[in-house]
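The next block holds one structure in the form of structure tokens; read it before the comments.
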Amino acid sequence: MSPPLLRATGLGKTFGSFCALDDVSLELTPGSVHGLLGENGAGKSTLVKCIMGYHRPDAGHIQLGDQEITPKNPRDAQALGLGMVYQHFTLVANMTVAENLVLSRTQLPLFIDWKKEAEALAAFMATMPFKIDLQATVRMLAAGEKQKLEILKQLYLKSQIIILDEPTSVLTPAEADEVLGMLHGMTRKNELSILIITHKFREVLGFCDEVTVLRRGKQAGRGKVSQLTTNQMAEMMMGSATNLENKRVPASNVNEPRLQVHELTAADDMGVPALCGVSFEVCSGEIVGVAAVAGNGQEELVEVIAGQRIRSGGTLLVHGKDYAATRDQLHDRKVRCLPEEPLRNACVSNMSVAENMAFRSFDRPPFAIARWVLSHRQIRKSADEQQREYGIRAPSMGSPIGTLSGGNVQRAVLARELRGDVEVLIAANPCMGLDFAAVTEIHARIRKARDQGAAVLLVSADLDEVLALADRILVMSEGRVVYETRPETADVTLMGKYMAGHESQESQESPAAAE
Amino acid sequence: MEGEALGLLGVPLAVIGGALRVSPPYLFVSLGECLTEKSGRVNLGLEGTLIMGAMSAYGVSYLSGSPWLGVLAAGGVGLLLGALHAYLCQQPRVNDIAIGIALMIFGVGLAFFLGKPLIQPTAPRLPAFEFGNWSSSSPLRAALQINVLFAIGIVLAFAMRYMLQRTRWGLLLRVAGESSDSARAMGYDVARIRLYATACGGFLAGVGGSFLSLYYPGSWNEGLSSGQGLMAVALVIFARWDPVRCLWASLLFGSAGALGPALQSVGISGGYHLLSVAPYVLTLAIMMMTSSAHRTLLGQPAELGAAK
């Protein structure tokens, strides 16, 4: 049975005074892969949420086949054969794969016969191109497996139209190709239609048949991928011709080792070892990139260096002296940290932007008089200066930082961390979820910090970002550094294999050093 | 005397008997708390619910002459208090811990206020199974008296585990407690699931209170509860959110509470007051043993204490 045609015509949606969607149309041809492109805040999510019944559109209608549909909630949409895979996993982490699959059904029996369900699930799994252990607890699955499970869930529900919201942001390139390739294959057999929200042109060119581009809530273009070039699509997204080349600028002035990590071990939140003896050095004036898939110890590594997690063993040296990430040491040795999801990890959401920007130095002059009395005037003045310098868009520096958009929170935290001299900078996924313009700007700021002599450790799940910024690349997998290379000689396929843990390197010798 | 005839053997027997008498309130309140917490919310007000339950059960039993009507009334009052907690927690910017403490104080105060006239009269008590009738030894017979309500509680513990594992209701409850985002993505109303769970949890806590006033100690006064409602929170953590383990944990807490009186019954009265703090010491010890700064507890519903 081939999937029905999905057509949205003239959709509009406003939230308060903000117009999120304005007269947007989209047509998903049965058996095709359709890319939905746009920068952050362009209205992609609002569009698919209207289709999935999360939001009620204010204008326009949605047709499925010959029928007009008005799903009131995601369950209605699911009953119509529409399924969505969200950017953030909607799996229940403390439940098993089998429980998660059974749960997702619209009609659950009052009493659940787990034996019968297990047999039915095993039979279903046997027909699928990838397998996941049904009894495994979801928490134990790697990010790639979770993403596969999300997609399996939609297939299990017999969804004929699957909407994917940036499905590959947590996958290695090889995993992304595997998952998308499998879905692409199913559309060729006319079993599925796919609508995929993505930032990555590689995926659009590789897997999509058609694209619709949104810009600031309006339709900016549409067409067949075979008839468009990357630059044309980028132009539709950003409204002006832009150079997508993010040029590498190699380090020019690498000096003495500044951050030395030796045999570092630490446990994760469940008490399971997450870092199993990590050793490396970062020199002044270089960016060391750590490439790893989420959940392989890099989060814990960043937390230990930032002072948010206690190490269980190993040594950390900054400037050759032992370092325990106390507030005084962070200040004296000028260690700064831009963690991932800064709103959650490095901000107090209900405090003002200005206060958040003073966290590193509120207890020192000029912000504090005699280290005790805070000068709100000084704090505000400095925040206003930095607002101009970093282009932070906020109603005022006095509004709560939680009300800012992701990119502006990132800018505010970056402004705070880069204030004054920086000798060690840790940046974790600094551009996650940001649009091109913001990415370019943040990359430039990180490079500038390096050129001024900082030792930069960049942790990122995005290989392109690591390749564009780093001067040396470490690959982490399962709590260890498994591979080291240099961007100019890096083999992306091989790195992907190491990231996925498929390859193991007995000697820690780097190929670059061996040359 | 029989007690002296048994000698030191009488101590474990008295502890068992005491545990069977003391543990039912722990059991009911912890089952109620377990149900509530499984849905992702903490109800610290169950101490107040327990005492309100005890007072209303005693009053209704006295007025109607039927202790079972009293138990139902206690459950009903608990249900209302639970629903009130859930309703208040659904309001924006409301913290469930703070609401719980407020409701605890409210419940205790209201019960003392309404229960003033009930201190004097004697209400009909709940019946018990006499499992020790075959024996002529009176301590043994006393030890093996099992209250009908306790028997129901034991069945309930197993039924609740079954419910959580194998029914639609149980599964949805757990999803609400593990990830409200997932539940919402599936189109379920998390607030309603939590409302039902908190109300049912309140019902159970109320029933637990009826045991205090209608069976053991078996009268209404203001010193009736000794913090069982609060200790049940620790007990649920100790039981790792599993209803059947709540049963074992209740028996353990009951035994700790019965240790002092048991020793006294064989004539060891030294340190009686010291031993009566055993349940509290146990609570502290358990919290210290099971908590760690370095990891999250296994089995803890992920939504518990999550910032909204």
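First the proteins, then the strands, lettered A, B, ... as listed; each starts at 1. Worth saying up front: this structure is predicted, and the values here are computed from it rather than measured.
Most heavy-atom pairs under 4.5 Å with chain B: of the set A:D76, A:L110, A:D113, this distinction falls to A:L110. Interface summary for chain B: among A:L91, A:V102, A:N73, A:L108, the most heavy-atom pairs under 4.5 angstrom belong to A:L108. Across B:R166, B:Q165, B:E178, the residue that shares the most heavy-atom pairs under 4.5 angstrom with chain A is B:R166. The residue among A:E117, A:E99, A:Q78 with the most heavy atom pairs within less than 4.5 Å of chain B is A:E99.
A:I112 is listed as a side-chain neighbour of B:L171, based on a closest heavy-atom distance under 4.5 Å. In this structure the side chain of A:R75 reaches within 4.5 angstrom of the side chain of B:Y188, judged on heavy atoms. Within the 4.5 Å cutoff, no side-chain heavy atoms of B:R174 are placed close to those of A:L103. Contact annotation: the side chain of B:W169 never approaches that of A:F111 to less than 4.5 Å [non-hydrogen atoms, C-beta and beyond].
The local environment of CZ in A:F359 is crowded, with over 12 non-hydrogen atoms from other residues, nucleotides or ligands closer than 6.0 Å.
Between the side chain of A:T90 and the backbone N or O of B:S182 there is no donor-acceptor pair closer than 3.5 Å.
The two atoms that bring A:P109 and B:R168 nearest to each other are O-CB, 3.3 Å, heavy atoms only.
Of the atoms belonging to A:R105, it is backbone heavy atoms, and not side-chain ones, that fall under 4.5 Å from chain B.
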With a 3.5 Å cut-off and sequence neighbours excluded, list the donor-acceptor pairs that the side chains of residues 294-304 of chain A form with protein atoms.
residue	atom	partner	partner atom	Å
A:N296	OD1	A:E478	N	2.7
A:N296	ND2	A:V293	O	3.0
A:Q298	OE1	A:N296	N	3.2
A:Q298	NE2	A:A292	O	3.3
A:Q298	NE2	A:V293	O	3.1
A:E299	OE1	A:G295	N	3.4
A:E299	OE2	A:G295	N	3.2
A:E303	OE1	A:R309	NE	2.6
A:E303	OE1	A:R309	NH2	2.8

